[in-house]
Amino acid sequence: IAPSASALTFTPPRATHSIATIEVPSTKDFAGLPAIESELADVASDYREHIAIPSSRATLASIRDAAARADVLHIAGHTEARPGLGDAALMLDEPVSWSTIAASPFHRACTVVLSACETLRTPRSPQSRALSLGGGFLAAGAADVIGTLTPITDEDARTIFGAFHKHFARGEDAASALRNAQLEAITNGRKTAWRAVALLTNRIPNRRTP
């Protein structure tokens, strides 16, 4: 998915060496995901460098700081619908919506993985003109955002996003890495879960030499 054809730019391939993992805190309505620590440890092992942001330090400021130092951000946890607004929010030290994220530009382009439910879903209301959470990250400067269009189970998210990182860390572009992760999910019996995951991008990989 791309915001528009005019938003797309040709981008040369670049090495991906570092990842920042962010654990979204639990709330009174949503307990912490049981496998989240294992998920974050698994994806971190695919990269040479790792920045870990625990739930106690998970703020928008810490995410912006990590984006300036890491090639990839992996944010895992719950999203929560904001009554009356129609969009989901990341429950960090305070609810963080797409508009808050979009207003906090990143220092450099990076790839963002949102391992949570409906992070690429825009509000269902026809009267609402809002971006998804993933769209907020794209507007803030991310080059690629991988997220979900529908709810996804903890185990499915861990499997599909884990496979994505293994391919991406080896040098595949985001679209190819996600496609291969989805094909593996189908082969391994996850016949519907693969459909929940999608890529939002502002770039077209350019492998042409000058």
Expected list for residues 135-144: side-chain donor-acceptor pairs under 3.5 angstrom, two or more places apart:
from : atom 1 : to   : atom 2 : distance (Å)
D144 : OD1    : T201 : OG1    : 2.5
D144 : OD2    : R203 : NE     : 2.6
D144 : OD2    : R203 : NH2    : 2.5

- Taking all atoms of both residues into account, what is the closest heavy-atom pair of D46 and D42, and its distance? OD2-O, 3.7 Å

- Let me know which of T59, D65, I22, L40 forms a side-chain contact (heavy atoms from CB on, under 4.5 Å) with I53. I22

- Query: Of the non-hydrogen atoms in S55 and P25, which two are nearest, and what is the gap between them?
  - Reply: O-CG, 3.4 Å

- Message: Restricting to non-hydrogen atoms, name the atom on L114 and the atom on F161 that form the minimum distance, rounded to 0.1 Å.
- Response: O-CZ, 3.7 Å

- Task: Determine yes or no for a side-chain-to-main-chain donor-acceptor pair under 3.5 angstrom, with R64 supplying the side chain and P105 the backbone.
- Result: yes

- Item | Distance-minimising heavy-atom pair for A185 and I160 | CB-CG1, 4.0 Å

- Are I51 and I19 side-chain neighbours, meaning at least one heavy-atom pair lies under 4.5 Å? no

- Task: Can you see which heavy atom on C110 is nearest to which on A67, and at what distance?
- Result: SG-CB, 4.1 Å

- Item | Distance-only polar pair, side chains of E39 and S115, donor-acceptor under 3.5 Å | yes

- Please check if atom CZ in R48 has more than 12 non-hydrogen atoms from other residues, nucleotides or ligands closer than 6.0 Å. no

- Query: Is it true that R158 and D154 make a salt bridge, defined as a side-chain N closer than 4.0 Å to a carboxylate O?
  - Reply: no

- Query: Side chain of S62, backbone of R57: donor and acceptor closer than 3.5 Å?
  - Reply: yes

- Query: Can H17 and E49 be counted as having a side-chain donor-acceptor contact under 3.5 angstrom?
  - Reply: no

- Does the side chain of N180 reach to within under 4.5 Å of the side chain of E172, using non-hydrogen atoms? yes

- Query: Donor-acceptor pair, E23 side chain versus A58 backbone, under 3.5 Å?
  - Reply: no

- Query: Regarding T159 and D156, is there a side-chain donor-to-acceptor distance under 3.5 Å anywhere?
  - Reply: no

- Message: Counting C-beta onward and ignoring hydrogens, is there a side-chain heavy-atom pair between R121 and L149 closer than 4.5 Å?
- Response: no

- Any side-chain donor-acceptor pair under 3.5 Å between H50 and T21? yes

- Item | Within-4.5 Å side-chain heavy-atom neighbours: I146 and T111 | yes

- Look at the side-chain heavy atoms of Ile, Leu, Val, Met, Phe, Trp and Tyr, link any pair under 4.5 Å apart, and say whether W194 and L120 land in one connected group. no

- Query: Taking everything shown except R179 itself, do over 12 heavy atoms lie less than 6.0 Å from its CZ?
  - Reply: no

- Closest heavy-atom contact between W98 and S132? CB-O, 3.2 Å

